[in-house]
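Each chain gets a letter, A, B and so on, in the order its sequence line appears, and its residues count up from 1. Only heavy atoms go into these numbers, but all of them, side chains included; no hydrogens, no water, no symmetry mates.
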Protein chains: 2
Amino acid sequence: MKISNKVINRLSLYHFILDELGEEEKYISSFKIAELLAVDNSQVRKDIRSLGNCGKCRVGYDVKKLKDAIETTLGFKQTRNAFIVGAGNLGSALAKYDSFANYGLNIVAMFDSDKSKIGSYINGKPVFGLERFLELKNKFDADIAILTVPKKAAQQVTDVLVEAKIKYIWNFTPHILKAPDDVKIWNENLIGSFLQFTNNDEKN
Amino acid sequence: MKISNKVINRLSLYHFILDELGEEEKYISSFKIAELLAVDNSQVRKDIRSLGNCGKCRVGYDVKKLKDAIETTLGFKQTRNAFIVGAGNLGSALAKYDSFANYGLNIVAMFDSDKSKIGSYINGKPVFGLERFLELKNKFDADIAILTVPKKAAQQVTDVLVEAKIKYIWNFTPHILKAPDDVKIWNENLIGSFLQFTNNDEKN
DNA sequence: TAGATTGTTAATCGATTAACAATC
DNA sequence: TAGATTGTTAATCGATTAACAATC
């Protein structure tokens, strides 16, 4: 069954909470989760229901089982290989963000146009020149590109990624990318987040 | 009139598009914007309508006026001062992201617990020890904290921010923060983004 | 049992899409 | 005028909230 983006996002937040519960807490209620995230408790139950059979009347949800169900449903275990394209500050920050691996995102290499960076390693990930993208895309079995190049290079680099038949582009640049319909683009719009955050009382 | 988060987010994307149109393009149609973002064209018109009176039948929207209307409505011009708390890779990346200033987000200083960083400057922003947070919050007129500390320090640092009566916390850590209701928290959930992105065909 | 909590339905609310008259 | 595009209404769709019976 299809799970909507909003539900996926909330399930990932529930997982953060479960992740930090001590061993001694065996059960957690929808009321407790709802309170921590300031959402409606029946929404929490409904979200969890989409994972299948998890809860126990009167006691709540088994923390370990619930965590496991979220991990299975959201695919934390099936790892996906990804490239970071743009080894600047943001690209390096993401390369050093080891939590990604726990959620199934495995960063295998990085690309940059700066010759002084090519051949170096950032948190163990090798940095290559972009001209080798096609070759290395085939070698590493990666279909995700995390785009962290400067705004003005964004489209040109995207063309290279598209040419190499990358399937997913996670776009951290404030540039609207042009790409064929079969390439899935996710705009990580930090500016938009900031504006929502400070202009509005809704939560994310 | 209140504008919903989804509309704010799309308006910021429209702004990116307008920002990159050459001087020669005086007008743009809702159909063109819709095509670039793969959204519905009547949604674009409705979103723009929430800005007030902008369009011209037959010719489309005046690019300059539309840009200006988005900037006014979303408050790009009223700058807000912010601190980055955590001068690691991600904090430094955000400190170097000069585009923020164009959208009204002015980063005035950074905080870290690492003594070797305290006293240094990152992209011109001074780095202070966290024990000076309260003092400097009053000095700089800042009510936003961008939280980029390691996950395990997140709650402890949040307590300091709350104590100093910060109003907005932009949380980049994968930790659910506990804070009083009058502190507004925005979770920038990168893990959640990744999961939505790769599990689902909806767009963001 | 009494009480707490889930699962689920129905009601409400808001967002998206489709359609088309009005406009220039 | 003819044609393109906005503005706006109505229809549809989906998400949230409220309520409560079922359960242990």
Side-chain angles (χ1 to χ4, degrees), chain A residues 1-14 17-18 21 25-66 69-70 73 192 196 199-204, chain B residues 1-14 17-18 21 25-66 69-70 73 192 196 199-204:
Chain A
M1 189 200 35
K2 212 167 140 302
I3 300 184
S4 79
N5 274 344
K6 291 205 147 182
V7 176
I8 292 175
N9 191 56
R10 284 194 301 264
L11 286 171
S12 72
L13 297 175
Y14 304 164
I17 291 172
L18 300 173
L21 288 176
E25 307 203 55
K26 194 158 160 45
Y27 293 98
I28 189 168
S29 72
S30 57
F31 295 86
K32 179 87 184 295
I33 293 176
E35 195 205 333
L36 286 167
L37 292 168
V39 300
D40 189 85
N41 62 69
S42 66
Q43 182 168 72
V44 173
R45 290 197 294 283
K46 211 167 216 181
D47 289 346
I48 290 176
R49 206 74 249 292
S50 65
L51 300 171
N53 226 345
C54 286
K56 275 192 191 158
C57 272
R58 218 185 78 80
V59 292
Y61 299 95
D62 181 312
V63 171
K64 216 161 159 310
K65 275 193 198 144
L66 179 53
I70 294 175
T73 305
Q196 289 170 66
N199 271 287
N200 209 313
D201 278 332
E202 287 172 58
K203 53 194 325 95
N204 64 332
Chain B
M1 190 200 34
K2 211 168 142 299
I3 300 184
S4 79
N5 275 344
K6 291 205 146 182
V7 176
I8 291 175
N9 191 56
R10 283 194 301 265
L11 286 171
S12 73
L13 297 176
Y14 304 165
I17 291 173
L18 300 172
L21 287 176
E25 307 201 56
K26 196 158 159 44
Y27 294 98
I28 189 168
S29 73
S30 58
F31 295 86
K32 179 86 185 294
I33 293 175
E35 193 205 335
L36 285 167
L37 292 168
V39 299
D40 189 86
N41 61 69
S42 66
Q43 183 169 69
V44 173
R45 290 197 294 281
K46 211 167 218 182
D47 290 345
I48 290 175
R49 206 73 250 290
S50 66
L51 301 170
N53 225 344
C54 286
K56 276 192 189 156
C57 273
R58 218 187 76 81
V59 292
Y61 298 94
D62 181 310
V63 172
K64 215 158 161 307
K65 276 192 197 145
L66 179 53
I70 294 175
T73 305
Q196 289 170 67
N199 271 287
N200 208 314
D201 278 334
E202 289 172 55
K203 52 195 323 97
N204 64 334

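Nearest-nucleotide mapping onto DNA chain D: of A/Gln43 and B/Ser29, the residue sitting toward the 5' end is B/Ser29. Checking A/Lys6 against A/Asn41, the closest nucleotide of DNA chain D that is more toward the 5' end is the one next to A/Lys6.
Residue A/Lys46 is classed as a base contact, given a heavy-atom separation below 4.0 Å to a base. Using a 4.0 Å heavy-atom distance criterion, B/Tyr61 is classed as a sugar-phosphate-only contact.
First and last contacting nucleotides of DNA chain D toward chain A (any atom under 4.0 angstrom from a heavy atom, 5' to 3' order): D/dA15 to D/dC24.
Scanning both residues, B/Ser30 and B/Arg45, for their nearest heavy atoms gives OG-NH1, 3.1 Å. Between A/Gly192 and B/Asn9 the shortest heavy-atom distance is CA-OD1, 4.0 Å. Nearest heavy atoms, B/Ala69 versus B/Leu51: O-CD2, 4.0 Å.
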Margin query: Counting Watson-Crick and G-U wobble pairs with both distances under 3.5 Å, what is the dot-bracket string for DNA chain C, 5' to 3', using [ ] for crossing pairs and | for pairs to another strand?
Written below: ..||||||||||||||||||||||
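The CG atom of B/Asn5 sits 9.0 Å away from atom CG of A/Asn199, with the distance rounded to the nearest 0.5 Å.
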Checklist line | Worked verdict on A/Leu13 versus A/Val39 for side-chain contact (heavy atoms from CB on, under 4.5 Å) | finding: CA-CA 11 Å; A/Leu13 297 175; A/Val39 300; over 6 Å; no
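When the side-chain hydrogen bond (donor to acceptor under 3.5 Å, both in side chains) test is applied to A/Asn204, no partner is found at least two apart in sequence or on another chain.
Checking side-chain atoms of A/Glu35 against main-chain N and O of A/Phe31 turns up no donor-acceptor pair under 3.5 Å.
Taking 4.5 Å as the limit, some side-chain heavy atom of A/Asp62 sits within range of a side-chain heavy atom of A/Tyr27.
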